[in-house]
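The structure appears right after this line, and notes come after that.
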Amino acid sequence: MKHLKLTFLFFALLASNLFYAQKDTLKKKDELVWYTDLMQANEVSKTTKKPIFAFFTGSDWCVWCWKLQSDVFSKPEFIDWAKKNVVLLELDFPKRKSLSPELAQQNNSLQQTFQVQGYPTIWLFFMNKNKDSDPFTLESLGSLGYPQGSEVGKEQVKFLKDANALLKKKPSK
């Protein structure tokens, strides 16, 4: 009887592992690609002609950032929109975990450039190679935050409406 219980337990664990492995595979297929390196995001932006969607966040402390991610970024409408329209860049300002010095410097430089004072903040922009003294110039399309005043449960609708209005400023190439 003990052997039968162990066999059942083994198969139950095996089945649950297969279920979770399949669930992770399905999840990965629908996941968005978030870059953390500005230069990588810019290369994709140049290739695809899509603006960079820079998400300034405090990943380990910012409640409104978590709310934006669950109310907007995790929704199928946003995922489809993001895949078609932007290159995602996460610029993190954690309090409990450390970033590499290079990543922290990059994020701080962009925070100062865009004068970000609160989180979450999103800026849409293009980077252009400059032949003058500065290696790049930024062509900003505008900024977004949490979609205040939106209908509860439909925050992604207002966010995407506001984001699409910014995309209309997209320069003609």
Side-chain angles (χ1 to χ4, degrees), residues 29-94 99-100 102-173:
K29 191 168 75 171
D30 293 334
E31 283 182 1
L32 293 171
V33 175
W34 285 91
Y35 294 92
T36 56
D37 181 273
L38 175 62
M39 290 307 169
Q40 280 184 322
N42 186 50
E43 286 302 314
V44 175
S45 173
K46 288 292 178 201
T47 302
T48 61
K49 307 272 192 265
K50 297 176 186 176
I52 295 172
F53 178 102
F55 173 44
F56 291 83
T57 183
S59 67
D60 63 0
W61 61 269
C62 175
V63 175
W64 283 102
C65 299
W66 302 336
K67 192 163 173 48
L68 181 63
Q69 289 174 320
S70 68
D71 292 349
V72 176
F73 296 171
S74 68
K75 301 290 174 84
E77 299 93 332
F78 177 82
I79 293 169
D80 292 342
W81 176 87
K83 287 178 179 179
K84 291 178 199 165
N85 294 293
V86 294
V87 176
L88 301 168
L89 174 66
E90 183 182 76
L91 302 164
D92 197 8
F93 296 85
L99 301 177
S100 70
E102 299 82 14
L103 189 57
Q105 181 180 10
Q106 167 202 273
N107 294 0
N108 287 327
S109 293
L110 286 168
Q111 179 189 35
Q112 290 173 5
T113 298
F114 287 110
Q115 299 178 353
V116 172
Q117 296 181 15
Y119 303 95
T121 297
I122 294 105
W123 277 92
L124 274 70
F125 66 93
F126 287 96
M127 284 179 58
N128 299 306
K129 193 79 165 152
N130 192 356
K131 295 179 184 176
D132 299 336
S133 60
D134 292 327
F136 290 97
T137 57
L138 300 179
E139 184 176 359
S140 169
L141 301 177
S143 68
L144 300 163
Y146 187 85
Q148 299 295 331
S150 58
E151 182 182 340
V152 175
K154 302 235 182 229
E155 293 84 0
Q156 76 278 11
V157 174
K158 182 173 187 323
F159 185 90
L160 293 175
K161 179 182 176 194
D162 296 344
N164 283 326
L166 292 180
L167 287 180
K168 289 181 180 177
K169 298 179 182 180
K170 188 174 179 177
S172 56
K173 300 267 179 189

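All values reported here derive from a predicted model rather than from experimental measurement. Just the heavy atoms: all of them, side chains too, but no hydrogens, waters or symmetry mates, feed the values below.
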| query | In chain order, what residues pass the side-chain hydrogen bond (donor to acceptor under 3.5 Å, both in side chains) check against Asn164, with sequence neighbours excluded? | reply | Trp81

| Residues in side-chain contact (heavy atoms from CB on, under 4.5 Å) with Thr47, at least two apart? | none

| Spatial distance of atom CD (Gln105) from atom OG (Ser100) [nearest 0.5 Å] | 10.0 Å

| For Trp66, what residues pass the side-chain contact (heavy atoms from CB on, under 4.5 Å) criterion, not counting sequence neighbours? | Val63, Gln69

Enumerate donor-acceptor pairs with a distance under 3.5 Å from any side-chain N or O in residues 113-121 to protein atoms, sequence neighbours excluded.
from, atom 1, to, atom 2, distance (Å)
Thr113, OG1, Ser109, O, 2.8
Tyr119, OH, Gln111, NE2, 2.6
Thr121, OG1, Gly118, O, 2.6

| Can you name the closest pair of heavy atoms from Gln106 and Leu38 and give their distance? | OE1-N, 2.8 Å

| How would you list, by chain and number, every residue that makes a side-chain hydrogen bond (donor to acceptor under 3.5 Å, both in side chains) with Gln156, sequence neighbours excluded? | Glu77

| Atom pair CZ (Phe125) and OG (Ser45), whose distance is rounded to the nearest 0.5 Å | 8.0 Å

| CG of Leu160 to NZ of Lys154: how many Å apart, nearest 0.5 Å? | 12.5 Å

| Distance (rounded to the nearest 0.5 Å) between Ser140 OG and Ile52 CD1 | 11.5 Å

| Between the main-chain N or O of Lys83 and the side-chain N or O of Lys50, is there a donor-acceptor pair closer than 3.5 Å? | yes

| task | Please work out whether the ring planes of Phe53 and Phe73 are parallel, tilted or perpendicular, with thresholds of 30° and 60°. | result | perpendicular

| 4.5 Å side-chain heavy-atom contact, Leu138 and Trp123 | no

| Residue list, side-chain hydrogen bond (donor to acceptor under 3.5 Å, both in side chains) with Glu43, at least two apart or on another chain | none

| query | Excluding sequence neighbours, so at least two apart, what forms salt bridge (Lys or Arg N to Asp or Glu O under 4.0 Å) with Lys158? | reply | Asp162

| message | Treating Asn107 as the side-chain partner and Asp92 as the backbone partner, does any N or O pair qualify as donor plus acceptor under 3.5 Å? | response | yes

| note | Residues passing the side-chain contact (heavy atoms from CB on, under 4.5 Å) test with Val44, sequence neighbours excluded, are Tyr35, Thr48, Val87

| said: Between Phe55 and Cys65, does the side chain to side chain contact (heavy atoms under 4.5 Å, CB included) criterion hold? Intermediate values first, please. | reply: CA-CA 9 Å; Phe55 173 44; Cys65 299; 4.2 Å; yes

Less than 3.5 Å apart, which donor and acceptor atoms pair up between the side chains of residues 142-153 and the rest of the protein, not counting sequence neighbours?
from, atom 1, to, atom 2, distance (Å)
Tyr146, OH, Asp71, OD2, 2.6
Ser150, OG, Pro147, O, 2.8

| field | Close side-chain approach of Thr57 to Leu68, heavy-atom, < 4.5 Å | value | no

| note | Heavy-atom closest pair (Asn42 atom, Phe136 atom, distance to 0.1 Å) is ND2-CE2, 3.8 Å

| message | To the closest 0.5 Å, what do you measure between CZ (Phe126) and CG (Leu141)? | response | 5.5 Å

| Ser74 versus Ile79, closest heavy-atom pair with distance | O-CD1, 3.7 Å

| query | Roughly how far apart are Lys129 NZ and Lys46 NZ, rounded to 0.5 Å? | reply | 10.0 Å

